[in-house]
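All values derive from a computational prediction rather than experimental measurement. A, B, ... follow the sequence lines: proteins, then strands. Residue 1 opens every chain.
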Amino acid sequence: MSEDIVICRCEEVTRAEILAAIEAGADTIAAIRRKTRAGMGLCQGRTCRRLIAQIISQTKCRKMEEILPATFRTPVRAVKLEAFCDTEGGTC
Amino acid sequence: MLETEVAVVGGGIIGTSIAYFLAKEGKKVVLLERDHLACEASGACDGLIMLQTKSPGVQLDLAIKSVKMFDELAGELDYPIEYQRRGGMIVVERDEELETMRRFVHSRRQAGLDVDILGNEEARRLEPALSSHIAGATYCSSEGQVNPIYMTFAFAMAAKKLGARICTGTEVLSIGMDDGRIRSVSTNLSDVKTDLVVNAAGAYAPLIGLMAGMTIPIEPRRGQLVVTERSPPLIGRGLLDARYILSKSSSDTPSAGADTIDRLSGGLALEQTATGNVIIGSTREFVGYNKETTPDGITAIVKHSTRIVPRLKTLCAIRAFAGLRPYTPDKLPIIDLLDRPEGFLIAAGHEGDGIALAPITGKIVAESILAGKVDASLQALRLHRFKEDDQ
């Protein structure tokens, strides 16, 4: 696979950058995110999360299920801030 | 078995800063981090470097020195830390709060800080996105922001270049002592032979303290934050609001219409990062070591911030997260080199000031270790200021 292929489209992070982060010791999805911003963009890793897990799995010889996170952060998808202002709790 | 002069426990911005300043002095350092670098509070906070919020006295003096160090560090550390000295403001929502804030500004000016109070028009000329209802804002041009994660990486990488050993995935399990002095640290990997342990474990510092037989009165305080999608420039400066400051002054009642954010003891903290994302905070809650975000907390933050900056409403929230700030009862960090056990140094408890105070903390700790004692001017930061019955 080409090393300059884009893995995280939102933050434009390439496979080479992910591999470099793993090489530098970032061997979890969260650590790679902090190092490269992969998964920090608009879709929050919905597309690249599995791809990054695969790269870790292949480089580190670890099972996919050990790498993928068990929980996802709120909000699961992008929500306009305006939408929170119409909900209960606190006053605008 | 590893052997070192100093073992630093904690790979957040404080621990890595200490490792850097020690390595710079030629000390042999091993940094022990349970997980990865910046994976607790230093990786789950805003990057604001504020001065006005510090109490006149030792806290403000240290902050002023620390902020001056950022310019130098930005050149010295070989990493893009996204440091920007863009100034900071504390937004005042109601006219009747202006008088308290005038006194607040006056006390900071007397301590040597370049801070002013602006009326509605002047404040909105600087920050046009502020709501038209605000009474005014304080303004300090020396304030700024940094990427706290990158700052942590920058310190760690620079320390490593100077010979420090950065061990991630290395959890401290116990501290070996002999005749009242530190001898070693046991971890899940190698044991480390050392005469000096630096406890820079933030909200987890009490757990490391217990291993050396002491009580450290730090409590985890949860701060929830929301991040928006990237946006064209919306906010130029770091923004706080006067709520937190006013809540400390008993004569002032909180503004009407923001009950949830008050109950969560929070206030506004807003910055637009180098990438264009807006970070919006924050709550300040005592919920033990719980790092979950809550619908109530996120809603309160969003409602409060969109009232002050209405244009935020058009942006999308892409992520919410929470970090545990290390709270101390008197709001000052603990920096102390103890006699008993000998060779145990505490540098923790910065609560929300950890990013701003990281450079000076690293420098002070390195100087204290070289001198064999903490400078007399820092008495107010020593552990024994807390009486036994407070602990």
Check against side-chain contact (heavy atoms from CB on, under 4.5 Å), A/F84 and B/I301: CA-CA 10 Å; A/F84 290 92; B/I301 293 164; over 6 Å; no
Does a salt bridge link B/E97 with B/R94, judged by any charged N lying under 4.0 Å from a carboxylate O? yes
B/E82 side chain reached by B/Q145 side chain, heavy atoms, under 4.5 Å: no
May I ask you to test the B/R307-B/E93 pair for a side-chain heavy-atom distance under 4.5 Å? yes
Any side-chain donor-acceptor pair under 3.5 Å between B/D296 and B/T294? no
Check the pair B/I235, B/E271 against side-chain contact (heavy atoms from CB on, under 4.5 Å), reporting the backbone distance first and the verdict last. CA-CA 7 Å; B/I235 297 292; B/E271 75 167 303; over 6 Å; no
Should we say atom CZ of A/R15 is surrounded by more than 12 heavy atoms from elsewhere, each under 6.0 Å from it? yes
Below 4.5 Å from any heavy atom of chain A, which atoms of B/D35 appear? Answer side chain, backbone, both or neither. neither
Salt bridge flag under 4.0 Å for residues B/E292 and B/R222: no
Quick one: which residues of residues 39-56 of chain A reach chain B at under 4.5 angstrom, heavy atoms only? A/G39, A/M40, A/G41, A/L42, A/Q44
Intermediate values then yes/no, side-chain contact (heavy atoms from CB on, under 4.5 Å), B/L239 and B/D241: CA-CA 7 Å; B/L239 297 183; B/D241 73 345; over 6 Å; no
Does the pair B/I81 and B/N147 meet the rule for a side-chain contact (heavy atoms from CB on, under 4.5 Å), with working shown? CA-CA 6 Å; B/I81 59 170; B/N147 183 321; 5.8 Å; no
So does B/E285 get a backbone contact from the side chain of B/T283, meaning a donor-acceptor N/O pair under 3.5 Å? no
B/I149 versus chain A, the contacting section by heavy-atom distance below 4.5 Å: side chain
Would you please classify the geometry between the B/Y79 ring and the B/F153 ring as parallel, tilted or perpendicular, with 30° and 60° separating the classes? perpendicular
Counting only non-hydrogen atoms closer than 4.5 Å, can you tell me which residues of residues 18-26 of chain A sit against chain B? A/G25, A/A26
Counting heavy atoms not belonging to A/E12, are there more than 12 under 6.0 Å from its CD? no
Non-hydrogen side-chain atoms of B/K313 and A/C85 separated by less than 4.5 Å: yes
Looking at A/E82 and A/K80, is there a salt bridge between them, counting it only when a charged N and a carboxylate O are closer than 4.0 Å? no
Considering only heavy atoms, which portion of B/S305 lies under 4.5 Å from any heavy atom of chain A: side chain, backbone, both, or neither? neither
Part of B/I166 within contact of chain A (heavy atom distance under 4.5 Å): neither
For chain B, which residues of residues 2-11 of chain A have heavy atoms nearer than 4.5 angstrom: A/E11
Could you check whether any side-chain N or O of B/E40 sits under 3.5 Å from a backbone N or O of B/L324, counting only pairs where one atom can act as donor and the other as acceptor? no
Spell out the residues in residues 10-17 of chain B that have some non-hydrogen atom less than 4.5 Å away from a non-hydrogen atom of chain A, in order of number; otherwise answer 'none'. none
Given that the side chain runs from C-beta out, which part of B/T275 has a heavy atom under 4.5 Å from chain A: side chain, backbone, both or neither? side chain
Side chains of B/R243 and B/H304: do they bring a donor and an acceptor to under 3.5 Å? yes
Centre of B/Y150's six-membered ring, under 6.0 Å away, within 45 degrees of the axis: is that where NZ or CZ of A/R34 sits? no
Donor-acceptor pair, side chain of B/Q272 and main chain of B/S231, under 3.5 angstrom: yes
